[in-house]
Amino acid sequence: MAVRLALAFSANIRSIDRVTLWTTLPSGVAWACLLAVSNHHDNPLRASLSGGDTPLFATDLFAAAAEHWFLMVAAMMLPLLVVPIRQVAFRSYRWRRGRAIAGFLAGYGAAWMFAGAGIMGFLLIPDVAALIAVPATGSMALLAAAGWQLSPWRAAAMRKCHRSVALTPRGAAADLDCMRFGISHGAACITVCLPLMLAVMSALPGIAPAMILALLLYFERAYQRIHQAVPAIALACVSAVIALSS
Amino acid sequence: MKPAVNGVRVREDVWKLATWDDTLLWYARAVARMRQLPIRNSASWRYQAAIHAYLRNQDPLAAATDSLPSLSHRRRFWNQCQHGSWYFLPWHRLYLGFFEQIVRSHVVALGGPDHWALPYWNYSDEGNPQAKLVRREFRDASLPDGSPNSLADAKRGQTPSLSQQGRQTGDFGIDSSDTDLGCLLTVPFRTGRFGVPSGFGGPRTGFQHSGGVIGDLERVPHGSIHVAVSGWMGAFETAGLDPLFWLHHANIDRLWEVWLGRGSQFQNPTDPSWGAPSGTDFDFHDATGAIATHTADEVIDTTTPLLSYRYEDISDPLATAGLAEEEIIMGTGPATLVGASEETVRLSSSPTTANVQIDPTAITENLAALAEGEPQRIYLNMENIVGAGKASSYKVFVNAPADDPEGASHYAGLLPMFGLAEASRRDDPHGGSGLTYVLDITDAVNRLKQRNEWNEENLKVTFVPKQREQDGEGPQVGRISLYYR
Ligand SMILES: [Cu+2]
């Protein structure tokens with residue numbers, strides 16, 4: 001019985017396409033880690049964002065923040081990477097698919113970690129830290145994110161997220177192409193998603209709001225009527241501000 | 001003009017109409033009236049063309065007094081054309097349907113018949129030696145009564161000489177490579193895989209599917225006719241300004257009906273996102289100016305009140321050519337990359353040859369993955385082609401000898417490059433990814449093998465431009481790749 005169930009399960013898994021599986025699964029693991037961390041103490045990034053009585057950037061806290069940032073990016077962004085990962089995989093020779101995907105993810109991850117480091121550096125400025133401790137800042141950030149959501153610059157970055165590129169088939173040039181594609185895709189993703197992420201993180205504590213945001217970002221791409229999906233997210237930000245102030 | 005039966009109007013073959021038949025006369029009068037209306041008016045000629053695409057700096061009819069609709073209105077209703085997508089056919093069917101309704105309302109307002117329907121231009125008609133010519137009603141300077149002819153008021157022709165020749169004789173240089181109906185042999189409506197042709201109707205697009213690969217019908221004859229007529233027809237944002245555009249697209253729409261009628265294996269997609277009421281929907285305006293929102297599943301039957309038309313002739317042209325039994329089945333498995341060019345390839349106004357290095361490891365892996373007895377298909381991919389300027393068609397040849405670069409036995413297919421500049425712009429929905437074409441070259445490769453002209457390590461691909469007198473740099477092909485299945 002157990003064997004048959006296991007067989008049926010594995011057959012089912014195989015019928016889901018592998019790229020979807022291997023992006024959803026690690027994303028789920030990252031969410032689980034984030035949940036586990038948030039059970040022990042308030043999430044480090046939020047602690048750093050909100051200032052308060054936690055020392056801002058103790059060495060161990062910096063490492064914890066980097067780890068938290070990495071998990072957050074993996075949890076939220078991996079499910080959005082199905083199309084570019086498929087492209088990198090199927091536009092590469094079968095024998096170097098794994099390597100091609102790894103190159104893409106390395107470039108993509110580097111772009112996000114670079115952005116994360118930039119934010120942390122910004123937060124080290126004492127005035128900024130003090131400003132973030134003011135509760136109204138979170139609401140202001142949400143309103144700013146709603147404005148960004150409707151801007152033509154974000155729309156342009158979103159189009160860049162749908163870009164495909166020609167990859168050199170082999171050699172160092174192939175690795176470089178995959179990495180470069182990862183970086184440029186990451187840059188577009190950061191432009192599209194980061195303002196919303198930061199606003200939600202600074203205004204709404206806990207993992208649940210981040211999960212809701214991840215779902216919204218996922219369905220924004222899944223829903224084909226982009227002219228409705230985009231303002232819907234902006235509206236959600238404004239609603240959150242109203243809810244916070246009442 | 002044929003009468004309507006139970007409210008279902010007949011879209012007639014334009015070449016079977018008498019000179020200045022009522023259908024064309026009323027079309028001309030309605031177009032003239034629509035040209036008078038301001039671009040803000042959804043029943044105007046310019047608004048109708050802008051639904052397809054609009055670029056202010058490319059608008060040949062732009063006037064200082066123009067007042068455009070608001071940005072949010074334009075975002076929702078303009079620049080909506082679906083290309084490189086499985087929505088290509090249903091979207092254009094809706095587009096033509098509402099256009100026809102609007103033209104008819106003008107015809108009726110002018111005192112004409114309410115069973116007016118769009119004629120179609122069957123340039124592939126083997127039984128008509130004039131099929132590839134543009135009829136005189138679209139070239140004459142004036143109507144029979146001497147008033148100016150709005151149907152002739154369009155820029156056409158790949159070159160100045162073709163433009164002049166076309167205006168005089170109707171011959172704009174369309175040849176049999178432009179009107180080829182090989183697309184009717186393709187069995188699946190859509191595919192969503194890398195490396196394989198995207199099917200008759202175009203690739204599955206939307207979330208988790210990247211678009212871009214041009215469907216077989218959309219490539220030839222659709223794209224090739226756009227590019228051959230050229231001028232306004234040669235670019236997304238001006239195509240709808242040429243009255244011929246609508247006859248061309250009526251024929252493309254008719255070929256969808258022809259394809260469906262070829263046999264039970266020729267089927268529309270059944271995916272919910274295409275063929276269900278919950279699928280992607282599209283916004284238009286009807287003849288009263290009211291917003292009309294519809295999905296692909298609503299246009300499968302053209303005789304419902306929404307569309308209420310049928311075609312004069314949807315018989316299978318391949319049956320008479322003895323090709324009725326032939327079909328190209330693409331299977332469902334993925335294809336694997338077995339070779340690719342190492343560098344980008346810049347095309348020019350003279351023939352360009354590029355090399356595709358075939359990878360021995362990839363070939364071995366592909367053979368291992370191939371099920372026993374499964375026929376192998378071979379696909380040539382031209383990926384991420386980008387370029388600016390006027391679109392121009394290229395013929396592709398494989399392993400063609402230097403002394404005979406254009407031999408029929410080495411011919412692989414035609415790349416019309418329609419929409420090249422549009423797909424290369426950063427503001428294109430795919431961020432300027434360019435065009436990707438896939439040609440099934442299985443037969444061409446088999447011919448090469450028979451003649452011992454096949455090389456296991458290298459494939460030579462030659463691009464020959466159809467029009468030699470083009471200006472500026474040609475398009476750049478991001479990569480040429482070879483896929484086996
Ligand atoms: Cu078209």
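Values below: all heavy atoms of this structure, side chains included; hydrogens, waters and symmetry mates excluded. What you see is a predicted model; the values in this text were computed from it and never measured. Naming convention: chains lettered A, B, ... in sequence-line order (proteins, then strands); numbering from 1 in each chain.
- Of the options B:N381, B:L337, B:N384, a side-chain contact (heavy atoms from CB on, under 4.5 Å) to A:R91 is made by B:N381 and by none of the others.
- Heavy atoms of B:V386 lying under 4.5 Å from chain A are absent altogether.
- If you measure heavy-atom distances from B:S341 to chain A, the contacts under 4.5 Å come from the backbone alone.
- Of the listed residues (A:R96, A:R159, A:R94), the greatest number of heavy-atom pairs within a distance under 4.5 Å of chain B belongs to A:R159.
- Atom CH2 of A:W22 sits in a sparse spot, with 12 or fewer heavy atoms from other residues, nucleotides or ligands closer than 6.0 Å.
- Under the 4.5 Å side-chain criterion, counting only non-hydrogen atoms from C-beta, B:T336 is not in contact with A:Y93.
- Ranked by heavy-atom pairs under 4.5 Å with chain A, the list B:G478, B:G432, B:S481, B:G339 is led by B:G339.
- Other residues, nucleotides and ligands contribute over 12 non-hydrogen atoms within 6.0 Å of the CE atom of A:M211.
- At most 12 heavy atoms of other shown residues, nucleotides or ligands fall within 6.0 angstrom of atom CZ in A:R99.
- Between the side chain of B:R479 and the backbone N or O of A:L167 there is at least one donor-acceptor pair closer than 3.5 Å.
- For the pair A:R163/B:R426, a side-chain contact is recorded, criterion being any heavy-atom separation below 4.5 Å from C-beta on.
- In this structure, NZ in A:K160 is found 11.0 Å from OG in B:S433, a value given to the nearest 0.5 Å.
- Using a 4.5 Å cut-off between heavy atoms, B:E343 makes no contact with chain A at all.
- Residue B:F194 holds its CZ atom at 7.5 Å from OG of A:S164, rounded to the nearest 0.5 Å.
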